[in-house]
Amino acid sequence: MRILHYKLLTVSFFCLFAVNCTTTEIPLEEDPAPIIALVKYNTDVKTIIDNNCLNCHGTATPRIGGIPLFNYTQVREEAEFGSLINRMNSTTNPMPQSGILSAEKLAIIDKWKADGFLEN
Ligand code: HEC
């Protein structure tokens with residue numbers, strides 16, 4: 001009887017490990033490759049903003065988004081002093097509202113900040 005218990009225990013331990021192994025084997029999402037070149041508004045940032053934000057932030061007094069984001073001065077102002085970078089990285093209240101952008105795009109915005117918000 002004792003031996004049977006022991007065997008059962010061993011088997012259940014083995015199952016536990018098997019389950020653990022399969023769950024830890026899920027590959028982690030890879031970080032985007034580091035950006036070496038300087039990131040600039042005109043060449044890198046503008047396309048991201050134009051394609052993802054102007055639906056709601058595209059006029060001088062946007063009816064929906066509140067703040068305008070269609071030129072360098074506006075985007076820099078919001079990135080440097082406003083909540084643009086926080087909102088773009090927010091998992092609970094992201095901009096765009098439809099969902100956080102890809103890690104590649106967010107890395108471009110982060111590097112733009114690190115490089116000092118260059119225009120061109
Ligand atoms: C579908 C419409 C929509 C899109 C697309 C959108 N926004 Fe917004 N955004 C809003 C609305 C509505 C608000 C105001 C409510 C709020 O803060 O959530 C807002 C607010 C903001 C704010 C806060 C403004 C403040 O008052 O301080 C920032 C910053 C912002 N958006 C940035 C962006 C950026 C950057 C993008 C693109 C990457 C983007 N939004 C895309 C609708 C949108």
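Every number for a ligand or one of its atoms is a count from 1 in the order of the listing.
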Subject >> atom 21 (C) of ligand 1 [closest protein heavy-atom partner, distance rounded to 0.1 Å] >> reply: His57 CE1, 3.5 Å
Original post:
Of all the atoms in ligand 1, which lie at a distance below 4.0 Å from a heavy atom belonging to Ser83?
Top reply: 23 (C), 27 (O), 29 (C)
Subject >> Protein heavy atom at shortest distance from atom 32 (C) of ligand 1 >> reply: Met95 CG, 3.5 Å
Subject >> Over 12 non-hydrogen atoms of neighbours within 6.0 angstrom of NZ in Lys105 >> reply: no
**OP:** Can you sort out which atoms of ligand 1 are near Met88, meaning under 4.0 Å from one of its heavy atoms?
**Re:** 35 (C), 38 (C)
Original post:
Are the side chains of Leu84 and Met95 in touch, meaning some heavy atoms are under 4.5 Å apart?
Top reply: no
**OP:** Considering the heavy atoms of Leu84, write down every atom of ligand 1 situated less than 4.0 Å from one of them.
**Re:** 29 (C), 35 (C)
Original post:
What part of Ile67, side chain from CB on, backbone N/CA/C/O, both or neither, has a heavy atom under 4.0 Å from ligand 1?
Top reply: side chain
Original post:
Do Thr43 and Asn120 have side chains that get closer than 4.5 Å, going by heavy atoms?
Top reply: no
**OP:** Please identify which atoms of ligand 1 are closer than 4.0 Å to at least one heavy atom of Gln97.
**Re:** 1 (C), 2 (C), 3 (C), 10 (C), 11 (C), 12 (C), 42 (C), 43 (C)
**OP:** Tell me which protein heavy atom sits closest to atom 11 (C) of ligand 1, plus the residue, atom name and distance to 0.1 Å.
**Re:** Gly65 CA, 3.6 Å
Original post:
Does the side chain of Glu78 come within less than 4.5 Å of Leu69's, by heavy atoms?
Top reply: yes
Subject >> Main-chain N/O of Val39 paired with Asp115 side-chain donor or acceptor, under 3.5 Å >> reply: yes
**OP:** If you have a sec, work out which protein heavy atom is nearest atom 1 (C) of ligand 1 and how many Å separate them, to one decimal?
**Re:** Cys56 SG, 2.7 Å
Original post:
Hey, are the side chains of Asn89 and Asp110 touching, using non-hydrogen atoms and a 4.5 Å cut-off?
Top reply: yes
Original post:
Tell me: protein heavy atom nearest atom 5 (C) of ligand 1, and distance?
Top reply: Asn52 O, 3.3 Å
**OP:** Run through Ile64, Asn52, Val75, Ile67 and flag the one making a side-chain contact (heavy atoms from CB on, under 4.5 Å) with His57.
**Re:** Ile67
Subject >> atom 12 (C) of ligand 1: nearest protein contact (heavy atom, Å) >> reply: Ile64 O, 3.3 Å
Original post:
N/O/S atom of Cys53 under 2.8 Å from atom 8 (Fe) of ligand 1, yes or no?
Top reply: no
Original post:
ligand 1 and Arg87, any nitrogen or oxygen pair closer than 3.5 angstrom?
Top reply: yes
Subject >> From Ile49, Asn55, Asn51, Asp50, residue fulfilling side-chain contact (heavy atoms from CB on, under 4.5 Å) relative to Cys53 >> reply: Ile49
Original post:
For atom 19 (C) of ligand 1, is some protein heavy-atom partner under 4.0 Å away?
Top reply: yes
**OP:** Please work out whether the ring planes of Trp112 and Tyr41 are parallel, tilted or perpendicular, with thresholds of 30° and 60°.
**Re:** tilted
